[in-house]
> 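Handing you this structure, nothing more for now.
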Amino acid sequence: MTSARLTIDPHFSVGPINRRIFGSFVEHLGRCVYDGIYEPGHPTADDEGFRQDVIDLVKELGVSTIRYPGGNFVSGFRWEDSVGPREKRPRRLDLAWHSTETNEIGLHEFASWLDKVDSELMLAVNLGTRGPLEALDLLEYSNIAGGSALADQRIANGRTDAFGVKMWCLGNEMDGPWQLGHRSADDYGKIASQTAKAMRQLDPSVELVVCGSSSAHMPTFGEWERVVLTHTYDDVDYISCHAYYEEKNGDLGSFLASAVDMDHFIESVVATADHVKAVVGSDKTIDISFDEWNVWYIERFHNVDKIEGIDNWPVAPRLLEDVYSVADAVVFGSLMISMLKHADRVTSASLAQLVNVIAPIMTEPGGPAWRQATFFPFALTSQLATGRALEVKLEAPTYETEVYGVVPLVDAVATHDAETGRAAVFLVNRSQGEPVSVTIDVSALGEITVLDAQTLADDDVYAKNTLDEPERVALRANDSAELAEGQLTIVLPAVSWTAVSLGA
Ligand code: AHR
């Protein structure tokens, strides 16, 4: 059998794991909010109309920070439409998704839902069709205790305590020609800097994310980051990365290696940020907020889902409802491995998105909610990856891909929590034909046992969970894991993702 080796040693620390990397994203898009988290009249709906079955699944998923309300949606959004008495809120045309936004759910309702799922709010301001003044207004409304017009308006609208939002995105994907108000790096860098300075003047405690590239394959990638950070280096804390992967032209081998692209993306942005740091002579280090990542069959959206027509603006249409396979979930798990491998610089991330829209959780109106295949690697990584991320010194065979050249068959990362003594290792086998036997030297962890080993794999790599078969795909215990004399061996099936939990 093909074999690979790796070593886990708490001394090989990459950096502490920030819980914010287990964030997600809720956009006013399709059925993410309406008919997703919110469905008054559903048998499980609570007194605010939120589905309890969805709340339970979001909690099980283990999401930290949730980015809101977009996405492309935010570039046409007027935040003040979404607060105050519901009957007075306007219905607006959302140009990004060619839909009608009823504003039934807004800042107050969403913050209340976040309390129910124990997650932190990360807000995006509109720098597409609006500017610093509207960003300041939203910040005053959200974070000032009282005694000013907008803070008092919030109180009058039923919320006495400030929302106290720490994480703010300065617009969304401003490099993308599809974005309302799309700008050049120079123009965006200037408005982002002005907005950031103004926001900090109002609330110095905010943490600000400037828009990086919406993909590492944008024609402006690299130069965009350099120019934008040159304008904003002293004003912001994070630069964003967005990346979506899909299997194209039946090339599963390249698709399985998507994390190689994510590794390269992260390392390129880190290099660019550090270059600007040297040029501007700053002591501060800019981190990455990977605030949109996932598997997404984008071509399907362009060819099948797209809504058109001047008289056709549906409310909560079925959009971007990708159904994920085991292969998709294996790639998804490997993207989480990539972010953990860079935990020193990726300190915030948002799985795009959370419910129904390219999501780990699906719902049927009046019916059930269920876990997609991608739910499992997210939930288990969020649960087990605590403490510090460790480099694993991997020796693995390679294979040839059309898109990324020669790549390792196996990828892995480990984590170690000095407080609990627990460790975990996350592995992916990209081989389509054969299992790989991995030997892991865990002797540096001292007296330790295997607490659990779970694998996601299937004879049919395109097996999926659906409304009719919601439990077709699930994690299974990997009984091959054996630990003797500091050497842990485990067999990874073809096209699989595995998590091993170790403890005293
Ligand atoms: O997540 C779906 C969309 O993808 C977001 O609205 C946008 O930011 C990105 O292009």
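Computed over heavy atoms, backbone and side chain alike; hydrogens, waters and symmetry mates excluded. Start at 1 and go down the list; that is how both ligands and their atoms are numbered.
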> With heavy-atom distances below 4.0 Å as the criterion, list the atoms of ligand 1 near Glu173.
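Contacts of ligand 1 toward Glu173, numbered from 1: 7 (C), 8 (O), 9 (C), 10 (O).
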> State plainly whether the residues Glu109 and Arg89 are in salt-bridge range, i.e. N to O under 4.0 Å.
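Yes, this pair counts.
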> Output yes when Glu80 and Arg130 qualify as a salt bridge under the 4.0 Å nitrogen-oxygen rule, no when they do not.
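Salt bridge flag = yes for Arg130 with Glu80.
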> Within the distance-only criterion (no hydrogens, no angle test), does the side chain of Glu120 pair as donor or acceptor with the backbone N or O of Met167 below 3.5 angstrom?
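Flag not set: sc Glu120 to bb Met167 has no pair under 3.5 Å.
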> Does any N/O atom on Trp97 come nearer than 3.5 Å to any N/O atom on ligand 1?
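Checking ligand 1 against Trp97, no N or O pair falls under 3.5 Å apart.
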> Using a 4.0 Å cut-off to any heavy atom of Phe25, which atoms of ligand 1 qualify?
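Those qualifying, in numeric order: 1 (O).
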> Tell me whether Asp81 is salt-bridged to Arg92, with the criterion being a basic N under 4.0 Å from an acidic carboxylate O.
yes
> Which heavy atom of the protein is the closest neighbour of atom 9 (C) of ligand 1, given with residue, atom name and distance?
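Ranking protein heavy atoms by distance from atom 9 (C) of ligand 1, first comes Glu292 OE1, 3.0 Å.
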> Would you tell me whether Asn429 and Ser496 have side-chain atoms, one donor and one acceptor, within less than 3.5 Å of each other?
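Their side chains do not contain a donor-acceptor pair, so the 3.5 Å distance test is not met.
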> Do Asp287 and Thr347 have a side chain donor and acceptor closer than 3.5 Å?
yes
> Considering heavy atoms of the protein only, find what lies nearest to atom 2 (C) of ligand 1 and give residue, atom and distance to 0.1 Å.
Gln353 NE2, 3.5 Å
> Heavy-atom distances under 4.0 Å decide this one: backbone, side chain, both or neither, for Asn172 against ligand 1?
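The answer is the side chain of Asn172.
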> Report the part of Trp296 in contact with ligand 1, treating N, CA, C, O as backbone and CB onward as side chain, heavy atoms under 4.0 Å; options are side chain, backbone, both, neither.
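Looking at Trp296 and ligand 1, just side chain atoms fall under 4.0 Å.
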> Would you say Tyr244 contacts ligand 1, with heavy atoms under 4.0 Å as the rule?
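Judged by the 4.0 Å heavy-atom criterion, Tyr244 does count as contacting ligand 1.
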> Between Glu27 and ligand 1, is there a nitrogen or oxygen pair with a distance under 3.5 Å?
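It does: an N or O of Glu27 is found under 3.5 Å from an N or O of ligand 1.
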> Do Glu27 and Tyr68 get their side chains close enough for a donor-acceptor pair, meaning under 3.5 Å?
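Per modelled atom types, Glu27 and Tyr68 side chains form no pair under 3.5 Å.
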